Amino acid sequence: MTRTRAFNILFAIFAAASPLVSRAQSESPPPALVAPISVYNNWSSYDELSDNIPLTETLAMRELDELLRLKHAGVHFDYYMMDAFWFAPDGGYRTWRRPNWPNGPDAWINKCQANGIRPGLWFSTNTLVKIQPAPAWRDSLNKDGGAMSFSEGGFLPDFMNALQYWYDHGIRMFKFDFVDLNAATPETAAKLTKAEIKERNATAFREALRKFRGKNQEAVFIAFNGFGGDLDNTVTQLPFHDSTDLRWLSEFAMQYTGDPRPSDVPEASFWRSMDIYSDHMVRRFEQLGFPLERIDSTGFMVGKTGTIYYRGIHAWKGAYLLMLARGGWVNTIHGNLELIQGNDVEWMARAQSLFFELQGLGRIHTFGGIPGDIEPYGFASITTRGSVYVVVNPTQTVSTVTMPQLLPNEPAPGNGRLLFRDAGFTPHLNGSHITLGPGQMAMVSYGAYAAPTYDFGIQDDVVIPTAIEPILANFHIIAPSTIEATIAAPATGVLRVIMRELTPDGFIRRTWAGGPPNGTNMAKVFTIDATQDGHAVPVHIDYDKIVWSGMSWALGEIKTADLMPGKPVLIRFHSTEKDPVKLEGAAYHITF
């Protein structure tokens, strides 16, 4: 029995037996889902925050057609979430933006419903993000006029009326983003502490959501920015001390853990560092007490916009498997669905089918180290039919990972199967131990899941070295935010060099250089220069992207074919960060 199902049963028993539970509370169903769901969210097919691609009816309907194409080919979808900025700025969340939606949302809602898809809507909750305060909201405004109090004035009643209006029009999922629980009118701000204001707002909003769900049994609420968690980076120590409030689980089906971004773990594949960010955030929220079923890593986006760093579908298979393996029951696919074509559609359907079985019938556990601390880790799934492990080695070493025993006599020598891996290094499986190359991800199965039908192949666009060794490199400061070292060039293979940026007192420091269209490419923010005998040497990088979320590292590779044998190579790292920083460097000899 899963924790979610146990929660539902205990809640029902408690509600029926305890005189302390009011009739209204017993009529409000537990928010936890009864089974895993699949959600399509159209964010990253457009992007009006870190890019200038607008949401239009044409775009939204095109993605609905693509959703139906995938659905007819076997990919399951339950919901279509219409993300940010569908609304007219002056409409109080009741009208759609013109001219982008000249006919309103009826065609979209009706086509979703006709095809068994439940529509959802995004709200910036109580903050004025591209929306003007409706007349009923004005007596709830804070001093700056950018957010409304939940516990004062007319905002909350009117906002809940808007939600009811859309529920009555067929909307079944509600995404709450950019909440400000510290918002208060100037009068209240002068009388109460921030903690008192936050508690009053949280209590008022939770009570309103509870009543709404009691009346509208099919409503699903999901929580995004503002409801807790430090999402900016992957620097942490156990125990975690993030400002999260588990009481939100009484109304929200899930809590999200941050939009995809590079972690603070340097990787040759920019996209693998992003995988590690989402893995780390799930681990962080689990440590805070969130059941894995109630955590949405939001870790899978494909798309052509700045929010996803113009990823397209690069290294998408590993990202998709990890999203499913993390155990969250809200499985969200973001972005340009038209990018998933041909055999990839059948591959996606098979992966989804496997992990929906693992999520719904089994148990999913985390194991190993903390991703952000650059320690090997993984996610383990078990049913009565067998077990599946998805394992990641974020280190710059060849590492052996021990997988926990979930079933009697498994893992055992000879019983396992390697289902998926990155290209290059071939993982070695020996019973409960798997050896992975630096930065590598792999999926292993036992029992019934070790059948050939569960093979998912090799991810060709992430190539892992077959060997790696550290090289002595004494980096020293030559100017502010600049270090260099003279390194003995290897005779064969590739020279890999890594820079990490820290604060003067030794904590990881991210540099934010803006998003598209005006942000600066990180290749110009963190520079790696290599020279040999006074001549520049080409350095190959994968972080040459405009990264709205900031970065703390740079990694480059130099082919020995571009070097003169027997001569040292000078490596120089520089950061354009304006604040004082300390840079650290390292070097490795790798072969493919």
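The model shown is predicted, which means the values in this text are computed figures rather than measured ones.
- Under the 3.5 Å distance criterion, with hydrogens and angles disregarded, no donor-acceptor pair is assigned to the side chains of Gln113 and Arg118.
- Between the Asn115 side chain and the Lys111 main chain, a donor and an acceptor come within less than 3.5 Å of each other.
- Partners of Glu63 under the salt bridge (charged side-chain N to carboxylate O under 4.0 Å, His left out) rule, at least two apart in sequence or in another chain, do not exist in this structure.
- Gln359 contributes no side-chain N or O that, together with a main-chain N or O of Phe356, makes up a donor-acceptor pair within less than 3.5 Å.
- Proximity of Val330 to Ile37: side-chain heavy atoms (C-beta onward) are separated by under 4.5 Å at one or more points.
- With hydrogens and angles ignored, the 3.5 Å screen pairs no side-chain donor or acceptor of His540 with any backbone N or O of Glu557.
- Here OG of Ser38 is found 6.0 Å from NE2 of His76. Values are rounded to the nearest 0.5 Å.
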Test log, rule ring pair (Phe, Tyr, Trp, His ring centres under 6.0 Å), inputs Phe221 and Phe212: CA-CA 10 Å; Phe221 296 145; Phe212 187 95; 5.7 Å; yes
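- Contact of the Phe174 side chain with the Leu209 side chain is not registered, since no non-hydrogen atoms from C-beta on lie closer than 4.5 Å.
- Applying the ring pair (Phe, Tyr, Trp, His ring centres under 6.0 Å) rule to Phe205 yields the partners Phe150, Phe176; only residues at least two apart in sequence or on another chain are considered.
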Test log, rule side chain to side chain contact (heavy atoms under 4.5 Å, CB included), inputs Val302 and His334: CA-CA 6 Å; Val302 294; His334 290 80; over 6 Å; no
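- A donor-acceptor distance shorter than 3.5 angstrom exists from the side chain of His72 to the backbone of Leu68, with no hydrogens or angles considered.
- Side-chain contact between Trp316 and Ile340 is present, with heavy atoms from C-beta onward closer than 4.5 Å.
- For Tyr256 and Phe227, the ring centers are positioned 6.0 Å apart or more.
- With ring centers used as reference points, Phe420 lies 6.0 Å or more from Phe456.
- Close placement of the Trp86 and Trp166 rings is indicated, their centers lying within 6.0 Å of each other.
- Arg206 has no carboxylate O lying under 4.0 Å from a charged side-chain N of Glu251, or vice versa, which leaves the two without a salt bridge.
- Pairs engaging residues 333-345 under the salt bridge (Lys or Arg N to Asp or Glu O under 4.0 Å) rule: Arg62-Glu338, Lys304-Glu338, Lys317-Asp344 [sequence neighbours left out].
- Checked by atom type and distance alone, the side chain of Arg261 pairs as donor or acceptor with a backbone atom of Asp259 at under 3.5 Å.
- For the salt bridge (charged side-chain N to carboxylate O under 4.0 Å, His left out) test, residues two or more places apart in sequence or in another chain that qualify with Arg69 are Glu66.
- No side-chain donor from either of Tyr80 and Asn41 sits under 3.5 Å from a side-chain acceptor of the other.
- Under the 4.5 Å side-chain criterion, counting only non-hydrogen atoms from C-beta, Ser387 is not in contact with Ser381.
- Residues Glu375 and Thr395 have side chains not in contact (no heavy-atom distance under 4.5 Å, counting atoms from C-beta outward).
- The closest donor-acceptor contact from the side chain of Tyr588 to the backbone of Ile498 lies at 3.5 Å or more, if one exists at all.
- A side-chain donor from one of Thr397 and Ser399 sits under 3.5 Å from a side-chain acceptor of the other.
- A distance-only check finds a donor-acceptor pair linking the side chain of Ser45 to the backbone of Asn42 [under 3.5 Å].
- Considering only residues two or more places apart in sequence or on other chains, Arg272 meets the salt bridge (charged side-chain N to carboxylate O under 4.0 Å, His left out) condition with Asp275, Asp422.
- Under 3.5 Å, the side chains of Asn430 and His428 contain no donor-acceptor pair of N or O atoms.
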Side chain to side chain contact (heavy atoms under 4.5 Å, CB included) assessment of Tyr79 paired with Val220: CA-CA 10 Å; Tyr79 294 85; Val220 175; 3.6 Å; yes
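- Between Arg510 and Trp512, the closest side-chain pair of non-hydrogen atoms falls below 4.5 Å.
- Residues Leu555 and Glu267 fail the side-chain proximity criterion, which asks for heavy atoms closer than 4.5 Å.
- Using modelled atom types and a 3.5 Å distance limit, the side chains of Thr332 and Asp296 yield a donor-acceptor pair.
- With no hydrogens or angles considered, no side-chain donor-acceptor pair links Trp553 and Tyr543 at under 3.5 Å.
- Looking only at distances, no side-chain donor or acceptor of Ser273 sits under 3.5 Å from a matching main-chain atom of Pro266.
- Under the 3.5 Å distance criterion, the side-chain polar atoms of Arg500 are matched with a main-chain donor or acceptor of Asp264.
- Evaluation of the side-chain hydrogen bond (donor to acceptor under 3.5 Å, both in side chains) rule for Asp455 yields Arg417 as partners, not counting sequence neighbours.
- Of the possible polar contacts, none joining the Arg421 side chain to the Met441 backbone as a donor-acceptor pair under 3.5 Å is found.
- Between Ser445 and Tyr389 there is no side-chain heavy-atom pair separated by less than 4.5 Å.
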Step-by-step side chain to side chain donor-acceptor pair (under 3.5 Å) determination, Thr307 to Tyr46: CA-CA 9 Å; Thr307 195; Tyr46 74 99; over 6 Å; no
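- Counting heavy-atom neighbours within 6.0 Å of Glu357 CD, excluding the residue itself, gives a total above 12.
- Distance check: Phe425 CZ to Phe592 CZ gives 12.5 Å after rounding to the nearest 0.5 Å.
- Remark: the Ser432 side chain and the Thr402 side chain contain no N/O donor-acceptor pair separated by less than 3.5 Å.
- Of all the heavy atoms in Ile434 and Ala442, the pair that sits closest is CD1-CB, 4.2 Å.
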